[in-house]
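Quick caveat, the model's predicted, so the values are computed rather than measured. All ligand and atom numbering here is 1-based and tracks the order in the structure.
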Amino acid sequence: MRRKPQRKEYRSLKMRCFNGGNKGCAMKEEQQIKEVCEKFNICGEYDSCEVVNSGHINTTYLVKYLRGGELKNYILQRVNTYVFRDPVGVMSNISSVTEFIRAKIKEKQATAKRNVLHYSKTEEGLFYTFMPDGGFWRCYRYIDDSVCFERTDDLRVIEESGKAFGEFQTYLSDYPVKDLSIVIPHFHNTVRRYDAFRDAVAADEAGRVKELAAEIEGYLALEEIATKPYKLQTEGVLPLRVTHNDTKISNVLFDSKTLEHLSVIDLDTVMPGLVAFDFGDAIRIVASTGEEDERDLEHLSVDMSKYEAFTRGFVSVLKESLTEAERSTLALGAIAMTVECGVRFLTDYINGDKYFRIHYADQNLARARAHLVLARDMVKRLDEMQAIVDKYGK
Ligand code: GN1
Ligand code: MG
């Protein structure tokens, strides 16, 4: 008799982002990449470029230059100006935040080279360039001998990613908040995300609502619990800090040999936010047993070992600075971020896929369905999840 398929094994131990599985650039694309590189005065001889598939918003390329007999990597990004309406504001945040962190790191070690991003300047001294077609581009040096992962089963790496985001907040704990541009207003305003969702359902722009009764109902049933952290902030119970706001594990670079965390990347959405949101947004990816758009929903749940590994890293770094209210709502933050992200995916699907990049037709729907299953599992496990936070945070 044939064996019944067992629970799906993890597909790969580590899924790499920048350094594996990328596609080469098309010729026309490559020509443009070279022109952008010239604007940023990259020294050496152009070697090659690859399209990096990670990320749903910007378009990212890994570019290699030959210098002194060695290949040097750069990351070039075309910023999505439909999403980031004020890209100059984005770059002004990023340059001052990276400078701020660099100074902090240099207080304790000789060089910050591998621990914070270094953006390149143009001849005019700007951290960006507009190309003739209106494209907005930026460039940073890829940190040598580093790797990053879309997902991993390595608990040590997961714990390291928790430390990376915990440290990031610590570095920015005294950053002058008023200097930050609010690049996407109401970004993690879960209440408004639900309003936009209801508006999308009512407008039914792409004619897709009729097939989505179960998903719509499912998300509406989670509204009360998911909007709690945001409401606690508006009531003054939870403080605003400078947060990263996009804490997927793919936004951390690790040393390729030791796998220790090096630097947090993707600083586009650094804005005032809740610590529970940075915690929760990481958990929805790092502690899930499946992909962000997992279709095997029957086996999708929170992997508690992974959850514990991330929590140990994150909470051990932030422990001293967390208020009682913050600590006691971290696990709730995981529900809030999983639901909010799912609501955004479903809203985008209903609107006809205008915001998140998709790689196949109903990917936003698959993402929304997976997040619904994951969020429901988190609701069941809320006490267990919070107990783990308390174990490391009290
Ligand atoms: C987007 O592009 P990326 O992957 O960095 C989105 C995040 C979502 C995430 C879902 C500016 O981030 O808010 O959580 O996709 N970024 C923006 O994976 O909307
Ligand atoms: Mg991002």
(Q) Which residue and atom name correspond to the protein heavy atom nearest atom 4 (O) of ligand 1, and how close is it? (A) Lys248 NZ, 2.5 Å
Q) Which atoms of ligand 1 have any heavy atom of Cys341 under 4.0 Å away? A) 10 (C), 14 (O)
Q: Among the N/O/S atoms of Asp266, select the one at the shortest distance from the Mg ion (ligand 2) and name it.
A: OD2
Q: Just do the side chain to side chain donor-acceptor pair (under 3.5 Å) check on Arg141 and Tyr74 with the steps written out, would you?
A: CA-CA 5 Å; Arg141 277 193 218 143; Tyr74 289 84; 5.2 Å; no
Q | Lys/Arg N to Asp/Glu carboxylate O, Arg102 vs Glu107, below 4.0 Å | A | no
(Q) Suppose I only count heavy atoms of Glu292 and a 4.0 Å limit; which atoms of ligand 1 are within that range? (A) 10 (C), 18 (O)
Q | Residue Arg284 vicinity, atoms of ligand 1 by number, heavy atom under 4.0 Å | A | 9 (C), 10 (C), 14 (O), 18 (O)
Q. Below 4.0 angstrom, N of the basic side chain to O of the carboxylate: do Arg241 and Glu326 qualify?
A. yes
**Q.** Gly55: numbered ligand 1 atoms lying under 4.0 Å from its heavy atoms
**A.** 2 (O), 4 (O)
Q | By salt bridge (Lys or Arg N to Asp or Glu O under 4.0 Å) - contacts of Lys34 (at least two apart) | A | none
Q. Does Asp133 come within less than 4.0 Å of Arg78, counting only side-chain N to carboxylate O?
A. yes
**Q.** Partner set under disulfide (SG to SG under 2.5 Å) for Cys37, not counting sequence neighbours
**A.** none
Q. At a 4.0 Å threshold, what atoms of ligand 1 neighbour a non-hydrogen atom of Asp246?
A. 3 (P), 5 (O), 7 (C), 12 (O)
Q) Of all N/O/S atoms in Asp246, which lies nearest to the Mg ion (ligand 2)? A) OD2
Q) Just going by heavy-atom distances, which of His56, His188, Arg344, His371 is nearest to atom 7 (C) of ligand 1? A) Arg344
**Q.** NZ/NE/NH1/NH2 to OD/OE distance under 4.0 Å, Lys354 and Glu205
**A.** yes
Q | Taking atom 17 (C) of ligand 1 as the reference point, the nearest protein heavy atom with its distance | A | Tyr355 OH, 3.4 Å
